[in-house]
Amino acid sequence: MCVSLGHPLTAVLSPGQAYESKSLKVVWDQANICGRNAGEPIVPAKLAGDKGYRYDWIDHWLLEKETQPVVASKWNEDRTQRPVEFDNMAYRRHGVVEQMIGWLNESRHGMRRWHETTCRW
């Protein structure tokens, strides 16, 4: 999870074969623990995600949290049945999240290379 500028808020480790959407509640709770002021929960106005987050339970859960889900509908889905209207302009900004993940992956590779070249057993 990151803010709109691409700065990471929190991260949670999960198994590689697990769907990202299964960890949404854990990431949400972790972001609230790491909030700026102790005791003040972070309540984003919108939460963007790719089609892997397109579940009815996620839409309803985010609406209960007073956050608008910004997730594209699947090709075989009736868009009129969703409880929220799709915000195309906000969805275009979800690329910031992808760029942050790419940056973290590059940093991880650099750290691994540093470890391989400096630590000899």
Side-chain angles (χ1 to χ4, degrees):
M1 182 178 277
C2 72
V3 296
S4 60
L5 297 174
H7 302 288
L9 271 177
T10 185
V12 174
L13 294 177
S14 63
Q17 70 274 16
Y19 293 115
E20 295 173 13
S21 59
K22 301 290 184 188
S23 302
L24 178 62
K25 291 181 180 181
V26 176
V27 171
W28 184 279
D29 293 338
Q30 185 68 27
N32 283 332
I33 291 171
C34 299
R36 295 177 188 225
N37 299 325
E40 286 187 30
I42 298 171
V43 181
K46 298 177 182 183
L47 189 71
D50 56 10
K51 292 180 184 178
Y53 288 90
R54 180 55 212 113
Y55 292 102
D56 288 334
W57 71 267
I58 291 178
D59 282 349
H60 295 296
W61 185 75
L62 287 174
L63 290 172
E64 287 175 10
K65 302 283 188 186
E66 299 177 358
T67 300
Q68 179 186 356
V70 182
V71 179
S73 297
K74 297 178 182 176
W75 69 272
N76 60 352
E77 182 179 14
D78 184 10
R79 296 176 186 191
T80 61
Q81 300 298 318
R82 291 193 57 191
V84 294
E85 189 173 327
F86 180 66
D87 186 354
N88 193 25
M89 293 306 290
Y91 185 72
R92 289 181 183 189
R93 299 206 54 213
H94 96 281
V96 172
V97 178
E98 303 297 334
Q99 292 169 357
M100 181 207 55
I101 292 171
W103 175 78
L104 289 173
N105 278 333
E106 287 178 19
S107 300
R108 177 182 60 94
H109 290 302
M111 195 55 128
R112 189 181 75 206
R113 297 273 186 242
W114 174 83
H115 183 268
E116 289 174 357
T117 58
T118 58
C119 299
R120 300 286 179 205
W121 303 103

Taking side chain to side chain donor-acceptor pair (under 3.5 Å) as the test, write out the residues that go with [X], two or more places apart.
X	result
K46	D87
E66	none
D50	none

(request) Apply side chain to side chain contact (heavy atoms under 4.5 Å, CB included) to Y55 and L24, showing your working. (result) CA-CA 12 Å; Y55 292 102; L24 178 62; over 6 Å; no
Closest non-hydrogen atom pair between [X] and [Y], with its separation:
X	Y	value
H60	P83	CE1-CG, 4.0 Å
S73	R82	OG-NH1, 3.1 Å
P44	T67	O-OG1, 2.8 Å
K51	K74	O-CE, 3.7 Å

Grouping I, L, V, M, F, W and Y whenever their side-chain heavy atoms are under 4.5 Å apart, do [X] and [Y] come out in a common cluster?
X	Y	value
Y91	V96	no
V70	V84	no
L63	W57	no

(message) Working to the nearest 0.5 angstrom, can you tell me the gap between F86 CZ and Q68 CD?
(response) 10.0 Å
(message) Can you tell me how far apart CG (L47) and CD1 (I58) are? Round to the nearest 0.5 Å.
(response) 9.0 Å
